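Computed from a predicted model, the values in this text were never measured in an experiment. Lettering of chains follows the sequences in order, A, B, ..., and the numbering in each one begins at 1.
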Protein chains: 2
Amino acid sequence: MRALWYFEEVNLFKILCPHKYSEYKAGHEFNSYKKSDYIYFEDDAATKLYLIDEGKVKIGYYTEEGEEVIKAILTKGELFGEKAILGIEKRNEFAQSIDNQTLICPVAKDTMHDLMRDNASVSFKIYKFIGLRMKKLERRLQLLLFKDTKTRLLEFFKDLCEDYGYECPDNGDHVIKHPYSQKDIATLIGTSRQTLNSIMNELKQDNVIEFNRKELRLRKNIA
Amino acid sequence: MRALWYFEEVNLFKILCPHKYSEYKAGHEFNSYKKSDYIYFEDDAATKLYLIDEGKVKIGYYTEEGEEVIKAILTKGELFGEKAILGIEKRNEFAQSIDNQTLICPVAKDTMHDLMRDNASVSFKIYKFIGLRMKKLERRLQLLLFKDTKTRLLEFFKDLCEDYGYECPDNGDHVIKHPYSQKDIATLIGTSRQTLNSIMNELKQDNVIEFNRKELRLRKNIA
DNA sequence: GCCTAAGTGTCAGCTAGCTGACATTTTAAA
DNA sequence: TTTAAAATGTCAGCTAGCTGACACTTAGGC
């Protein structure tokens, strides 16, 4: 998916950050967050969207039982809070910095609407971004409806690979340095931590993947 | 959800159909479909979105095994194929008329983009519509991830109620005349037909719902 | 009006994946 | 450096929900 953007020589951040547009530049600032700082909370008013210039941001929410559920971890160049431009007034998730040096460029939804109206290229990019989000959501839903845990996990790894992966020059493995714990992955693909762990070790056994706490490798033939 | 539109005295169809806009009116026509006619197929180019003026439309796709999977059944006033405006070029589902007198107003995605640029109210409505779609998708995903089949079914019924329900004047039950078979519902909520059937009969037993092939009733206290 | 296909109801196995319980390893805060 | 908390690994039950099989009912095309 991301490959598409590169193909079109587009980077969301470059295109969208209002610093690029002189008329919006004045008074526009980057925000800086330390580890564990919240960018917004559940139920906050959704007035802005955000671009990550540096660092990592965790998106998630809490269940009725107070348990944290992770929705995604985003990094440099990625955009979040975009539902603000879709007329959704309240956050139903929180956004939290998980790096000590997170730099974020906020864009008011009205500014964004103006940008989109005035600039067909911007609006096209945003449409496309939202279309992609939707497509991914639908795909996840279908996996959950029809595929077993192992398949879902493999699909998740392929997605991770597109976002974080690079090819190991030595042997063609795909190396993925990602920020997700096994618990995170388990909730993302809809299984228990224990089941996830045993499947991962089974896949390691079968030489399909290799992993430790820092990185994940998909063996050459796969993905 | 739908209540929101009414509250704002907005009807998607009224707002969006290009017949309302003189400059787009010329040459614009309604299409008529008989039962089982396809409006579009999987893999067709996605160049238009559609508004239903009359009749019912089934949205779905086929699995690798050739089995039909239903995504939704839409009726008068509802919009589909909207992913065309989000820069998605190919349909990944089909749309098929299931009434003998289905009338549909097609809108080219470029026309829609023009409309949206020229008219803030239209673009706002479309944004909101897409935001709602996304919210619903996310909610479905969460139900699937964390709730058991019975809960998912009850939630599905509540949604149905918002779309098709009206209050029975006699006893306050919510009466829902919907077009879904048990098989459809089962795949929509991610369970087997058999399990669904037994849960429905259990709920009937417990006097939570009442149903036959034509309609569904949610007893007063519920939903 | 008949007949076939689709929809509905029910049951007896079976199994993927959950739960709880515990050990070990790693991380990061004090 | 110490130590508590988080992350990972493993296992033995257990159960929600799946599968296949079959009977019955209804709808709609001919």
Measure from [atom1] on [X] to [atom2] on [N] and round the result to the nearest Å.
X: B:Arg193; N: D:dT25; atom1: CZ; atom2: P; answer: 15 Å
X: A:Asn197; N: C:dA23; atom1: CG; atom2: P; answer: 17 Å
X: B:Gln194; N: C:dC11; atom1: CD; atom2: C1'; answer: 10 Å
X: A:Glu202; N: D:dT10; atom1: CD; atom2: P; answer: 12 Å
X: B:Ile70; N: C:dG7; atom1: CD1; atom2: C1'; answer: 14 Å
X: B:Gln182; N: D:dC18; atom1: CD; atom2: C1'; answer: 17 Å
X: B:Lys150; N: D:dT15; atom1: NZ; atom2: C1'; answer: 15 Å
X: B:Phe146; N: C:dG17; atom1: CZ; atom2: P; answer: 17 Å

Pick base, sugar-phosphate or nothing for [X], based on heavy-atom distances below 4.0 Å to the nucleic acid.
X: A:Ser192; answer: base
X: B:Phe211; answer: sugar-phosphate
X: A:Thr191; answer: sugar-phosphate
X: A:Thr195; answer: base
X: A:Lys214; answer: sugar-phosphate
X: A:Lys35; answer: nothing

State, without any angle test, whether [X] and [Y] hold a side-chain donor-acceptor pair at a distance under 3.5 Å.
X: A:Ser198; Y: A:Asn201; value: no
X: B:Asp148; Y: B:Thr151; value: yes
X: B:Tyr50; Y: B:Glu82; value: no

Legend entry - Distance flag, aromatic centroids of B:Tyr33 and B:Tyr38, threshold under 6.0 Å: no
Legend entry - Contact nearer the 5' end of DNA chain C, comparing B:Arg213 with A:Lys147: B:Arg213
Inset, instruction - Nearest-nucleotide wise, let me know which of B:Leu196 and A:Lys183 is further upstream toward the 5' end of DNA chain D. - result: A:Lys183
Inset, instruction - Step by step, work out the ring-ring contact (aromatic ring centres under 6.0 Å, His included) result for B:Phe41 and B:Phe94. - result: CA-CA 4 Å; B:Phe41 297 95; B:Phe94 64 77; 8.2 Å; no
Looking only at the side chain of [X] (C-beta and beyond, no hydrogens), which of the listed nucleotides [options] gets closest?
X: B:Asp148; options: D:dG17, D:dG29, C:dT8; result: D:dG17
X: B:Thr149; options: D:dG9, C:dT26, D:dG17; result: D:dG17
X: B:Asn201; options: C:dG7, D:dT8, C:dT10; result: C:dT10

